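Working notes for the structure below.
These numbers come from a predicted model, not from an experiment. Values reported hereafter were calculated over all heavy atoms of this structure, with side chains retained and with hydrogens, waters and symmetry mates removed. Throughout, a chain's letter reflects where its sequence line sits, starting with A, and its residues are numbered from 1.
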2 protein chains.
Amino acid sequence: MTRKTYGQYCGLAKALDHVGDRWTLLIVRELLMGPRRYSRIRAGLPGIATNLLADRLRELEADGIIRQGDAGYELTEFGRGLEKVVHELVRWGGHWMRHREPEEEFRPEWFAIALAALVPRRRAGKVEIRTGDGVVSIDRGRVLVGSSDDPDAIVEGETQLVLGVAAGELPLASLDVTGDATVAAGALGAGP
Amino acid sequence: MTRKTYGQYCGLAKALDHVGDRWTLLIVRELLMGPRRYSRIRAGLPGIATNLLADRLRELEADGIIRQGDAGYELTEFGRGLEKVVHELVRWGGHWMRHREPEEEFRPEWFAIALAALVPRRRAGKVEIRTGDGVVSIDRGRVLVGSSDDPDAIVEGETQLVLGVAAGELPLASLDVTGDATVAAGALGAGP
DNA sequence: CCGCATCCTCATGGATACTG
DNA sequence: CAGTATCCATGAGGATGCGG
């Protein structure tokens, strides 16, 4: 049970000591979208061994990155600090997403996180993503799952605007989602 | 030799597929300070197995993140894109650096990277860090090692300014370096 | 000496079965 | 549902060897 550490007095090494293990940041990703119970986290991490998930959750809790609340596991304020880390990784990882292989898993929420990482945070308005699996939305950097308040508010004509904004930083427009995913933007602000 | 992948069509998972293995981001950290030969990289990664370093370097090269140049291994432009990722991790990892344990390794360059991550990039002027091991400097986000052009240019009185700036984002002022480390700032701009 | 490759041992991860 | 227990596969750590 002794923790594996790099033994370096360096911020990067310290960060990796605590969230550098396999699956750990993917668990954080799941919790960035709100509190989640064990089984739901597991559903978002196809292939993880159940004991590993239990181990990781214990370690994250011991480190003060997550806690157990009424709605399941949730990020602490300190753990929320990882959002910027995740967003930078998502941005950089976009390079490997020009094509989707058939065997690769896809969840609309992951796409939402990518959009949240790419769309300028201050941009007002809401972005909705609809797939066969459900609806996710982003509102000023917050990712919400399964809530489509006003389906009629979607403005098809502005889809390109969203993709265009994102494409300014990464070729998100060439993302190969599923074909049945519809990205729609409602009331996007005009600012930079 | 088959690559271990999460099998997820997600930017974060993709990023971790390529730089999520143990030691990989620490290798990138070493190369963020300029081209480095094998033995020098190894010297910056106490405890790494030699075959592991060779493996990682091969993978990074195959992924187009590093290349071999005349001066050793160096980051490609794509690999340089990891700088922001590293900086975010360094910022977050600063939380674990309030105290230095005696057995923890310390290199001035790591401290320089932390400062580069914390000091606003646009700030003009140069920051120098002197320890018993040598001198590192940061100039507009670039980390340079072992060059002290003008030792007399150091203004002791501005040390607090540097630490103050950094402390605005993280408690860098409480960093526990070695006691013999001197942080000095020359000609720091005034703007935010 | 530098830049690895090989070999061996042991810790970690993965898959599946099982339990309070 | 939320894990634990178990067993096997894989990867990391450490010593040593070896060719350029």
Separation of [N] [atom2] from [X] [atom1] (nearest whole Å):
X: Leu16(B); N: dG13(C); atom1: CG; atom2: P; result: 14 Å
X: Leu45(B); N: dC4(C); atom1: CG; atom2: P; result: 14 Å
X: Asp55(B); N: dT10(D); atom1: CG; atom2: C1'; result: 13 Å
X: Leu52(A); N: dA17(C); atom1: CG; atom2: C1'; result: 16 Å
X: Asp21(A); N: dT12(C); atom1: CG; atom2: C1'; result: 9 Å
X: Lys4(A); N: dA12(D); atom1: NZ; atom2: P; result: 10 Å
X: Ile27(B); N: dG3(C); atom1: CD1; atom2: P; result: 14 Å
X: Arg56(A); N: dT4(D); atom1: CZ; atom2: P; result: 14 Å

> What orientation do Trp96(A) and Phe78(B) show, parallel under 30°, tilted 30 to 60°, or perpendicular over 60°?
Replying inline: perpendicular
> Which sits closer to the 5' end of DNA chain D, Tyr73(A) or Asn51(A), going by the nucleotide each is nearest to?
Replying inline: Tyr73(A)
Short side-chain N/O contact from [X] to OP1 or OP2 of [N], under 4.0 Å:
X: Arg22(B); N: dG13(D); answer: yes
X: Arg42(B); N: dC2(C); answer: no
X: Trp23(B); N: dG13(D); answer: yes

>> So Ser39(B), base contact, sugar-phosphate only, or nothing? Heavy-atom distance under 4.0 Å.
In response: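 Sugar-phosphate, backbone atoms only, no base.
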Minimum-distance nucleotide to [X] side chain [options: [options]]:
X: Ala54(A); options: dG3(D), dG3(C), dG13(D); result: dG3(D)
X: Arg58(B); options: dA17(C), dC4(C), dG3(C); result: dC4(C)
X: Tyr38(B); options: dT12(C), dC4(C), dG13(C); result: dC4(C)

Should [X] and [Y] count as an ion pair when the cut-off is N to O under 4.0 Å?
X: Glu88(B); Y: Arg91(A); value: no
X: Glu61(A); Y: Arg58(A); value: no
X: Glu77(A); Y: Arg80(A); value: no

> Any cation-pi pair here, Arg40(B) with Tyr73(B), using under 6.0 Å and within 45°?
Replying inline: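 The answer is no, since Arg40(B) fails at least one limit relative to Tyr73(B).
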>> I'd like to know if Thr50(B) reaches the base of dA5(C) with its side chain such that a donor and an acceptor end up less than 3.5 angstrom apart.
In response: yes
> If you pin Ile48(A) and Gln68(B) to their nearest nucleotides in DNA chain C, which one's is more 5'?
Replying inline: Gln68(B)
